[in-house]
Amino acid sequence: MQVEKQFKPKIVAFCCNWCSYAGADLAGSSRLSYPADVKIIRVPCSCRVNPLFILRAFERGADGVILCGCHPGDCHYSTGNYYTRRRMTMLFSMLDYLGVEKGRTRVEWVSAAEGVKFSTVMNNFVAKIYELGENVKLGDLRCKK
Amino acid sequence: MQRIGVFVCWCGSNIAATVDVERVAQVMKNEPGVVFSTDYQYMCSEAGQAIIRNAIAEHKLTGIVVCSCSPRMHEATFRKTAQRAGLNPYMVEIANIREQCSWIHKDKEEGTEKAIVLARAALAKVMLNAPLIAGQSSVTKRALVIGGGIAGIQSALDIADAGYEVDIVEKEPTIGGKMSKLDKTFPTLDCSACILTPKMVDAAQNEKITLYTYSEVEEVKGFVGNFNVKIRRKARYVKEDVCTGCGACMQKCPSKKGLNEFNLGLNKRTAIYIPFAQAIPNVAVIDATQCIKIKNNKCGLCDTVCAAKAIDYNQQDEFIEREYGAIVMATGFNPIKLDKFNEYSYAECPDVITSLELERIMNAAGPTGGKLVKMSNGEHPHDITFIQCVGSRDISGRGKCYCSKICCMYTAKHAMLIRDKYPDVNVHVFYIDVRTPGKNFDEFYRRAVEEYSVDYIKGQVGKVYPEGDHLVVQGVDMLANEQIIHKTDMVVLATAIEPDPTARKIASMLTASIDTNDFITEAHPKLRPVESPTAGIFLSGVCQGPKDIPETVAQAGAAAVKVLGLLSKDKLVTNPCVSQSNELLCNGCSMCQNVCPYGAIGYEDKLINDHGIRETRRVAVVNEALCQGCGACTVTCPSGAMDLKGFTNKQIMAEVDAICK
Ligand SMILES: Cc1cc2nc3c(=O)[nH]c(=O)nc-3n(C[C@H](O)[C@H](O)[C@H](O)COP(=O)(O)OP(=O)(O)OC[C@H]3O[C@@H](n4cnc5c(N)ncnc54)[C@H](O)[C@@H]3O)c2cc1C
Ligand code: SF4
Ligand code: SF4
Ligand code: FES
């Protein structure tokens, strides 16, 4: 009999150094838990995240990708997150069209003071990914072992 | 081939309680590229750092991964450790297994697995790290202060006092700003001129300070430590270095119709004028729009009477260029215009005035010689009504959404000064809230109510209109819940304040950011309140947000300290994590330049050897001293020519791969 493997989603969270990464640190020092499926990659600004990184993540089998930056108007580099917002709106609707559902991608603004928000956002996002299940659409077979 | 060392920290039990640190170290030992891996109680301690240093030497490590607390905590520490052991400090990567792992996961199995993935991601990244050398740039040891109000004067005095050269550019013919127009100042009620004019004189006499009055900043180039600024010296038609300020010209000038700006247009002045008796510099200036000689080539009287021969009707604007290491913004504020507030009849009724106008009327050197009179007929008023929050805390869009902060206090001041000098005058104040936080401030306001019997009415005013010789104020008393129709002789409007209209232009020249109200934004609202996010730009006074004089002076001093910290350096270390364009790939499209918030990208025509084809192409060149490393350009670049050192495409992709494995 075949044992069904338990679904353990792979979730990549890009966090800008100045706000969201610090927000994640605050969630940590406040001991506000969120699932271990979330792995954070630190980038200087949300605008450093090239859409290609997100495509790559899905190709490699990620089940969700979330991008966090400073609140609009608060970007450490003044305007970075405005570019992020526009780029990601485009990318996410394109991904949705390709079959990577909107629920698998998300942009959130989390400030350095919003530890609670960081943890809530991650909990919600992960719950959504569990609901959607494994991402099969973009996964590149050559990347799978 | 990289030789990587992995160092897993227990952080006492902070990490070790929910992450099996030994297992992490063991697993990492077997990863390709890793030649050494260990764990220790406190990696950041001297003993822990010694382990790292020894391993670097012993195993000839080319890079290290430290699995520990957040890089925001100890990245700098471990970079220094690496450097001490002879390793390039940028060959260090941190896996955050405390804040983002051990502290949030309770299950040790889960925590350990995640820690291993995070360590692998850091390893994948460090394998692609390249040694980076922080650049250096020089510092011009001279500061520029834009705006010569109390903020600018104080910053300049403090900078000069430490021995550095500083120039003040002031657009008006004299320094002094709004404070020079005030009569007495809260909360001590000392005379404004008595405390300000000595400072103005100090600024003029200080040999380290150069004043460029009647001047404006035209253009700013360069970056922190190396600004190049073009200053326009507007034509005064009077030779500044020759004029003695005797004032003979003002006595003779027949053109007397110019509005006296210093008295806010409450009276007239001659075409050639010195703004006020204590003006610095004490030099005349000709208002070309009023001068008969300049307009019609007649008259010329001032030239005849000037014993010093200082008049020059043909003077032109001059431009000078100067180098600066740091720039202080001190452009201050103005009361808002009242054209959207017709309900107060300000434009029609001379007896409806603003608070700043009242300052001039109360001032002995003002248009009425300091006598409180109705501007309409020169009569003594018996009843005065103040209206607070005119245009402040206004979300209708007509005014300003913020609290102007100083109006509650100066209205209490005005009310008290009037009651003190003219006990027969009844004083009423309409207010929304009275806000008086500050040392001795609430006591000050209570004195107005308790000792001086000023009648404070909580409520807004809907309308002010003239009726015969009087004014009628229509409002509500919110506490008594009744309508008020009050007959009064004078109405004083505590108008909202806003940043100087030039602030936006100056900010964009400096690439300093401003908020939706045009106040200059600070680098951090709490921790870096006097710096702009743009390196080398500092903020002083009301240009950053509403403030009274004590706060302005404190901030001016703080800005000066930051300037001095910068000027006292011989070299500036620049962040090496900057963008770089690959000349072979760049097509010179300018997309990157458009998104760079710091103007860090320029273009050069370069001779490129593209696989044997030699041609001159326009390519993007990043100024490393200006680039702050946000990465906006890297994503925008359609040819994939731009990459960010320290966060390269390959590095981030490698992290993604490691996490998704
Ligand atoms: C009616 C009234 C009463 C007040 N009473 C008190 C009081 O009793 N006590 C108290 O503590 N505070 C009082 N204040 C507040 C006080 O006036 C301010 O705190 C203080 O003047 C702020 O100084 P500043 O240098 O920041 O701005 P400002 O005084 O506005 O100075 C700015 C200077 O910069 C110049 N400038 C602007 N733009 C440029 C440019 N682009 N290039 C060159 N120069 C430029 C301006 O010409 C000006 O000289 C009062 C304010 C008002 C309106
Ligand atoms: S990384 Fe940011 S600051 Fe640097 S050149 Fe690119 S856009 Fe400008
Ligand atoms: S966006 Fe890319 S191709 Fe265009 S100028 Fe900049 S570096 Fe060159
Ligand atoms: S630095 Fe946080 S979004 Fe730009």
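Letters A, B, ... mirror the listed sequences (proteins, then strands); counts begin at 1. Note that the structure is predicted; figures quoted are calculated from it, not measured. Computed from heavy atoms alone, side chains included, the values below leave out hydrogens, waters and symmetry copies.
Residue contact with chain A, scored on non-hydrogen atoms closer than 4.5 Å, involves the side chain of L118(B) exclusively. Residue D107(B) does not touch chain A at all, counting heavy-atom pairs closer than 4.5 Å. Looking at V65(A), neither its backbone nor its side chain comes within 4.5 Å of chain B, counting heavy atoms on both sides. Heavy atoms of F14(A) lying under 4.5 Å from chain B belong exclusively to its side chain. Both the backbone and the side chain of A22(A) have a heavy atom closer than 4.5 Å to some heavy atom of chain B.
Across every non-hydrogen atom of C660(B) and A62(A), the tightest pair is SG-CB, 3.8 Å. Across P51(A) and V635(B), no two heavy atoms sit closer than the pair CD-CG1, 3.6 Å.
Distance check, rounded to the nearest 0.5 Å: CD1 of I652(B) to CG of L52(A) gives 11.5 Å. The OH atom of Y77(A) sits 7.5 Å away from the CD atom of Q628(B) when rounded to the nearest 0.5 Å. With rounding to the nearest 0.5 angstrom, the NE2 atom of H105(B) is 6.0 Å from the OH atom of Y34(A). Of the inter-residue distances, the one linking N17(A) atom CG with F647(B) atom CZ reads 6.5 Å to the nearest 0.5 angstrom. How far OG of S33(A) is from CH2 of W103(B): 15.0 Å, rounded to the nearest 0.5 Å.
A 4.5 Å side-chain heavy-atom check between L32(A) and I104(B) finds every atom pair outside the cut-off. K114(B) has its side chain within reach of K39(A): a pair of non-hydrogen atoms, C-beta onward, lies under 4.5 Å apart. Inter-residue side-chain proximity for C630(B) and P44(A) is flagged as unmet; no heavy-atom pair is nearer than 4.5 Å.
The existence of a salt bridge linking E113(B) and K8(A) is excluded, since no basic side-chain nitrogen approaches an acidic carboxylate oxygen closer than 4.0 Å. Ion pair D643(B)/R48(A) flagged as a salt bridge, since at least one NZ, NE, NH1 or NH2 atom sits closer than 4.0 Å to an Asp/Glu carboxylate oxygen.
Between the side chains of R98(B) and S29(A), no donor-acceptor pair is found at a separation under 3.5 Å.
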Walk me through it: do V595(B) and Y83(A) pass the test side chain to side chain contact (heavy atoms under 4.5 Å, CB included)?
CA-CA 9 Å; V595(B) 298; Y83(A) 297 119; 3.5 Å; yes
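Heavy-atom pairs under 4.5 Å with chain A were tallied for E655(B), E110(B), Q100(B); the largest tally goes to Q100(B).
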